[in-house]
Visitor: 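Got a structure here, written out as structure tokens. Questions coming.
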Amino acid sequence: WGALGHETVAYIASNFVTAATQSQFQSILGDTSADYLASVATYADSYRYTSAGSYSKPYHFIDANDNPPTSCSVDYNRDCGAGGCVVRAINNYLEFCECAQAAKMLVHFIGDIHQPLHDENLEVGGNDVPVTFGGTSTNLHAWDTSIPQQYAGTATLAHAKKWAATLTTAIQSGAYQSSASSWLTGININDPITSSMLWATDANSYVCSTVMPNGYTATENVDLSGDYYNEAIPIVQIQIAKAGYRLAAWLNLIATGTT
Ligand code: DCM
Ligand code: DCM
Ligand code: DCM
Ligand code: ZN
Ligand code: ZN
């Protein structure tokens with residue numbers, strides 16, 4: 001996701017953490033404002049472009065070597081490369097969870113693992129599939145930015161907070177209320193690999209159903225802002241909602257010291 005998606009995930013999580021989790025992470029992050037999670041949600045994207053942080057570039061995704069749209073799957077041993085991947089990163093930043101750096105990274109990576117193309121190897125997660133968006137040349141990885149922004153506005157904290165409020169209401173009393181508890185099925189702080197593989201597999205399934213239902217060549221040079229957008233935006237919304245809800249649950253489990 002781009003900044004809008006990551007910040008929205010963080011605000012949703014802020015709405016579902018316990019008071020004890022909130023004060024613990026506000027203390028770790030040295031920020032007692034309501035924006036304590038949203039303000040660090042894009043830190044990992046800045047860090048990966050520094051020379052000290054270049055090792056973390058593969059931590060943003062897992063390159064599923066599946067065969068969409070015929071067959072979608074993620075296999076940790078097959079797909080998590082020697083340089084690491086988002087599933088291993090979620091595992092490792094739990095082990096080092098006393099530091100602010102780890103908290104920042106977790107807020108970001110639990111967002112990215114919910115972006116379907118971050119759970120797909122094909123065409124470098126869609127980066128090599130040329131498309132247009134409203135007439136402007138881009139690539140299929142515009143799932144990060146252009147699709148969310150057409151719905152919720154430019155990447156500002158204010159737009160993220162507003163979108164998060166809408167999705168929080170949907171989780172509490174709206175379209176997602178009946179399924180939200182099932183989003184936490186299998187979550188186990190003592191087994192982060194298995195937990196985050198469930199999230200990766202869930203997100204990856206949308207590569208077959210929605211991202212490229214007729215294969216990636218059928219999406220080449222399509223303008224994503226019209227009919228494609230109408231199919232994609234409900235999936236973007238539910239994936240952002242799941243990411244925020246699962247991030248809150250994960251931070252609550254860390255804060256209660258279950259590890
Ligand atoms: N990005 C950045 N710095 C750059 C280039 C890109 O912060 N020099 C951002 C733009 C996208 C984001 O990275 O919003 C995409 O990364 P991810 O999906 O891993 O968060
Ligand atoms: N880290 C990681 N996986 C690695 C190396 C480091 O998840 N292969 C994380 C753990 C720490 C952070 O990066 O939270 C900095 O670690 P260090 O200073 O030990 O490199
Ligand atoms: N990306 C991905 N899968 C890959 C490589 C990159 O999901 N195999 C993501 C990370 C960024 C975006 O694509 O969100 C652009 O990556 P980069 O800035 O490394 O070109
Ligand atoms: Zn991306
Ligand atoms: Zn990222």
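Every number for a ligand or one of its atoms is a count from 1 in the order of the listing. None of the values given here were measured: they were computed from a predicted structure.
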Visitor: Check for me whether the distance between the ring centres of H108 and Y43 falls short of 6.0 Å.
Guide: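 No, the ring centres sit 6.0 Å or more apart.
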
Visitor: Indicate, as side chain, backbone, both or neither, the part of E123 found under 4.0 angstrom from ligand 3 when only non-hydrogen atoms are considered.
Guide: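 For E123, no heavy atom sits under 4.0 Å from ligand 3.
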
Visitor: Which heavy atom of I254 sits nearest to which heavy atom of F25, and what is that distance?
Guide: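 Taking every non-hydrogen atom into account, CG2-CZ, 4.1 Å.
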
Visitor: Would you call E120 a ligand 3 contact, heavy-atom distance under 4.0 Å?
Guide: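 Contact check E120 vs ligand 3: negative.
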
Visitor: Hey, which atoms in ligand 3 end up nearer than 4.0 Å to a heavy atom of L117?
Guide: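 Selected atoms, number and element: 7 (O).
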
Visitor: What pair of heavy atoms forms the shortest contact from S209 to Y206, and how long is it?
Guide: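 Minimum heavy-atom separation between S209 and Y206: OG-CA, 3.3 Å.
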
Visitor: Heavy atom of H60 under 4.0 Å from ligand 3?
Guide: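 The answer is no: ligand 3 sits nowhere under 4.0 Å from a heavy atom of H60.
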
Visitor: Which atom, counting only N, O or S, brings H141 closest to the Zn ion (ligand 4)?
Guide: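 Nearest to the Zn ion (ligand 4) within H141's N, O and S set: NE2.
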
Visitor: For R246, is there an ion pair with D202 - N to carboxylate O distance below 4.0 angstrom?
Guide: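 The answer is yes: the pair qualifies as a salt bridge.
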
Visitor: With atoms numbered from 1 as shown, which atoms in ligand 3 lie under 4.0 angstrom from a non-hydrogen atom of R48?
Guide: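 Numbered from 1, ligand 3 contributes 11 (C), 18 (O), 19 (O).
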
Visitor: Only one of Y76, Y59, Y93 forms a side-chain hydrogen bond (donor to acceptor under 3.5 Å, both in side chains) with R88, so which one is it?
Guide: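 It is Y76, the one option of Y76, Y59, Y93 that forms the side-chain hydrogen bond (donor to acceptor under 3.5 Å, both in side chains) with R88.
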
Visitor: Do you know which N/O/S atom name in D144 is closest to the Zn ion (ligand 4)?
Guide: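 Closest N, O or S atom of D144 to the Zn ion (ligand 4): OD2.
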
Visitor: If we set the cut-off at 4.0 Å for heavy atoms, which region of N127 has an atom near ligand 3: side chain, backbone, both, or neither?
Guide: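 The answer is the side chain of N127.
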
Visitor: Is a side-chain donor or acceptor of S71 paired with a backbone partner of N67 at a separation under 3.5 angstrom?
Guide: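 Answer holds: no.
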
Visitor: With heavy-atom distances below 4.0 Å as the criterion, list the atoms of ligand 3 near V124.
Guide: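 Near V124, meaning under 4.0 Å from one of its heavy atoms, ligand 3 has 4 (C), 5 (C), 8 (N).
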
Visitor: Looking at every heavy atom in both A241 and L167, which two are closest together, and how far apart are they?
Guide: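 Looking at all heavy atoms of both residues, the closest pair is N-CD1, 4.2 Å.
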
Visitor: Can you confirm whether or not the ring centre of Y11 sits under 6.0 Å from the ring centre of W163?
Guide: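 That pair fails the under 6.0 Å test.
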
Visitor: Below 4.0 Å, non-hydrogen atoms only: which portion of Q115 touches ligand 3? Side chain, backbone, both or neither.
Guide: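 Near ligand 3, Q115 shows nothing, with every heavy atom at 4.0 Å or more.
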
Visitor: Does the shortest distance from the Zn ion (ligand 4) to an N/O/S atom of D112 fall below 2.8 Å?
Guide: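 No - counting backbone and side chain alike, D112 has no N, O or S atom under 2.8 Å.
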
Visitor: With heavy-atom distances below 4.0 Å as the criterion, list the atoms of ligand 3 near D63.
Guide: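 Reading through ligand 3 atom by atom, the close ones are 3 (N), 4 (C), 8 (N).
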
Visitor: Looking only at heavy atoms, which two atoms of G84 and P58 are closest? And how far apart?
Guide: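 Minimum heavy-atom separation between G84 and P58: O-CB, 3.5 Å.
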
Visitor: Say whether K57 and ligand 3 are in contact under the criterion: heavy-atom distance to a ligand atom below 4.0 Å.
Guide: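 Contact present.
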
Visitor: Relative to the ring of H118, is the ring of F61 parallel (under 30°), tilted (30 to 60°) or perpendicular (over 60°)?
Guide: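 It falls in the perpendicular class, over 60°.
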
Visitor: Against ligand 3, does W143 come closer than 4.0 Å with any heavy atom?
Guide: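 Not so, W143 does not reach ligand 3.
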
Visitor: Using a cut-off of strictly less than 2.8 Å, determine whether H108 has an N/O/S atom near the Zn ion (ligand 5).
Guide: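 Within the cut-off used here (under 2.8 Å), H108 does place an N, O or S atom near the Zn ion (ligand 5).
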
Visitor: Just let me know how D144 lines up against ligand 3, side chain, backbone, both or neither, with a heavy-atom cut-off below 4.0 Å.
Guide: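 Side chain only.
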
Visitor: Kindly say whether A64 contributes a backbone atom to a donor-acceptor pair with the side chain of D79 at under 3.5 angstrom?
Guide: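 Checking the backbone N and O of A64 against the side chain of D79, no donor-acceptor pair under 3.5 Å is found.
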
Visitor: Under 2.8 Å from the Zn ion (ligand 5), can any N, O or S atom of H60 be found?
Guide: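 Under 2.8 Å: H60 contacts the Zn ion (ligand 5) through an N, O or S atom.
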
